[in-house]
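All chains are named by letter (A, B, ...) in the order of the sequence lines, taking the proteins before the strands, and each is independently numbered beginning at 1.
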Protein chains: 2
Amino acid sequence: MRGRECSIANALAVVGERWSLLALREVMLGVTRFDAIAANTGASRDILAARLRTLVDAGVLEKRLYDEHPRRYEYLATESGRALQPVLLGLMEWGDRYVTQGPPPTVWEHACGGELHLRAVCATCGEPVGATPSRLVRLGGVDVDR
Amino acid sequence: MRGRECSIANALAVVGERWSLLALREVMLGVTRFDAIAANTGASRDILAARLRTLVDAGVLEKRLYDEHPRRYEYLATESGRALQPVLLGLMEWGDRYVTQGPPPTVWEHACGGELHLRAVCATCGEPVGATPSRLVRLGGVDVDR
DNA sequence: CTCGTCAGTTGGAAATTCCAACCCGCGCCC
DNA sequence: GGGCGCGGGTTGGAATTTCCAACTGACGAG
């Protein structure tokens with residue numbers, strides 16, 4: 001069985017494996033080199049190499065040659081990769097509140113000068129997401145009624 | 001090596017394994033029974049049982065007895081679990097845009113009556129997250145300068 | 001008495017991950 | 001020129017996880 005047809009599952013097929021999002025976190029923080037990503041995430045080098053490859057193949061990261069002789073590459077986020085920042089930030093906010101003990105260990109700064117915190121709202125009404133229940137209205141192109 | 005001290009990593013330690021977020025998706029959609037969750041996610045039953053156990057232990061889900069004789073349980077989202085909805089929605093938006101081919105296969109309805117779509121904004125300035133770069137300002141309680 | 005439902009558990013095979021060690025092209029230093 | 005170190009990986013084998021199908025156990029329906 002393959003489960004429900006759903007973009008959450010599709011997204012997780014690309015970025016849902018063990019070290020993928022942590023590697024992306026590093027790239028978003030400006031840490032773009034293999035050794036540094038390995039050290040900062042704690043991933044083993046072979047697995048990290050595999051994950052970076054699938055992220056590049058999926059268009060989330062791109063590999064850029066920053067030095068010939070010897071050939072050295074770094075990893076940069078594509079538009080697709082940058083579009084994952086809300087997910088990363090959502091995980092961070094949630095981890096800060098419900099998992100991590102003590103004060104938030106890492107804090108990001110937004111371009112506006114303040115600390116970067118996520119506010120997730122319904123795009124239509126502007127109410128914050130999460131408090132109110134939601135229901136499924138379409139599945140596989142077919143409306144469902146309950 | 002254990003990597004950077006970070007709430008993203010802490011969050012992923014709880015909900016980052018293969019089927020955890022898909023199980024949570026089902027619960028959020030009102031599918032609360034073991035067999036249905038297994039069918040809708042595609043997870044094998046033993047792994048699903050293990051994941052549900054860790055989610056309950058972590059306080060993301062709670063197990064509720066809905067029938068004695070025979071004892072039957074269902075899974076409900078706690079406050080902590082509901083607080084993960086922005087993450088789920090962020091993954092869905094991203095998957096819709098960058099992974100899934102064709103129209104969004106699943107659509108959620110918000111309490112306001114409209115389709116539920118995520119808008120992720122900086123909590124201080126209200127600008128959408130992701131367009132502008134961010135940088136790390138504190139790490140492990142210590143400010144960093146670059 | 002048999003079949004079906006629900007919530008799992010069990011056992012063994014298959015796939016993944018972890019870890020340490022290795023490789024290769026170079027630059028630096030003496 | 002010999003040795004050391006860096007950056008970006010690859011390799012091999014052991015340890016861990018996952019997958020899958022079958023089974024359990026308590027019921028209710030026919």
Side-chain angles (χ1 to χ4, degrees), chain A residues 1-4 9 12-27 29-58 60-77 81, chain B residues 1-4 9 12-27 29-58 60-77 81:
Chain A
M1 225 294 160
R2 287 297 77 84
R4 211 195 268 287
L12 289 173
V14 176
V15 297
E17 302 208 61
R18 180 107 195 249
W19 301 102
S20 304
L21 285 177
L22 291 183
L24 183 62
R25 173 198 70 188
E26 289 305 310
V27 172
L29 289 173
V31 177
T32 61
R33 322 266 249 233
F34 187 91
D35 275 24
I37 297 173
N40 289 344
T41 57
S44 49
R45 310 171 64 78
D46 54 345
I47 299 302
L48 181 63
R51 291 297 162 269
L52 290 173
R53 202 156 25 234
T54 71
L55 289 174
V56 169
D57 290 351
V60 174
L61 299 179
E62 61 181 322
K63 199 172 181 175
R64 200 180 61 112
L65 189 69
Y66 72 90
D67 193 8
E68 324 204 27
H69 298 299
R71 289 179 158 266
R72 293 284 145 77
Y73 296 96
E74 66 182 339
Y75 294 89
L76 300 175
Chain B
M1 224 296 156
R2 286 298 78 86
R4 212 193 268 287
L12 288 173
V14 177
V15 296
E17 301 207 61
R18 181 109 194 248
W19 302 102
S20 305
L21 285 177
L22 292 183
L24 183 63
R25 173 197 71 188
E26 290 304 310
V27 172
L29 290 173
V31 176
T32 62
R33 323 268 248 234
F34 187 89
D35 274 24
I37 297 172
N40 289 344
T41 57
S44 49
R45 310 171 65 77
D46 55 345
I47 300 302
L48 181 62
R51 290 296 162 270
L52 290 173
R53 201 157 24 235
T54 72
L55 289 175
V56 168
D57 290 352
V60 174
L61 298 180
E62 60 180 323
K63 200 172 179 176
R64 201 179 60 111
L65 189 69
Y66 73 91
D67 193 8
E68 323 204 27
H69 297 299
R71 289 174 103 71
R72 292 285 146 76
Y73 297 95
E74 66 182 338
Y75 294 89
L76 300 175

Check [X] against [Y] and note the closest heavy-atom contact, atom names and distance.
X     : Y     : value
B:A36 : B:V31 : CB-CG1, 3.4 Å
A:L61 : A:A77 : CD2-CA, 3.9 Å
A:V14 : A:L55 : O-CD2, 3.9 Å

Discussion item. Considering every strand and a 4.0 Å limit on heavy-atom distances, what is the contact class for B:E17: base, sugar-phosphate, or nothing?
Written reply: sugar-phosphate

Practice prompt. Specify the residue among A:H69 and A:R51 whose closest nucleotide of DNA chain C lies further upstream toward the 5′ end.
Written response: A:R51

Fill in: All stems with DNA chain C, defined as three or more consecutive Watson-Crick or G-U pairs under 3.5 Å
C:1-30 with D:1-30

Worksheet item: How would you list all residue pairs meeting salt bridge (charged side-chain N to carboxylate O under 4.0 Å, His left out) that involve residues 60-71 of chain A, not counting sequence neighbours?
Response: A:R64-A:E74

Discussion item. Rounding to an integer number of Å, can you tell me how far B:N40 CG sits from C:dC6 C1'?
Written reply: 15 Å

Worksheet entry | Interatomic distance where CG belongs to B:L48 and P belongs to C:dT10 [whole Å] | 16 Å

Worksheet entry | Per-nucleotide protein contact string for nucleotides 1-15 of chain D, where B marks a base within reach and S marks sugar-phosphate only (heavy atoms under 4.0 Å, - for neither) | ------BBBBBB---

Decide yes or no for [X] and [Y]: does some side-chain heavy atom of the first lie under 4.5 Å from some side-chain heavy atom of the second?
X     : Y     : value
B:R4  : A:L22 : no
A:L24 : A:V60 : yes
B:L29 : B:R25 : yes
A:L52 : A:F34 : yes

Item to complete: Sequence neighbours left out, what pairs pass side-chain hydrogen bond (donor to acceptor under 3.5 Å, both in side chains) with at least one residue falling in residues 45-55 of chain B?
Response: B:E17-B:R51, B:D35-B:R45, B:S44-B:D46

Worksheet item: Going by number, which of residues 19-27 of chain B have a non-hydrogen atom under 4.0 Å from DNA chain D?
Response: B:W19

Worksheet item: Taking only residues two or more places apart in sequence or in another chain, which ones pass salt bridge (charged side-chain N to carboxylate O under 4.0 Å, His left out) with B:R72?
Response: none

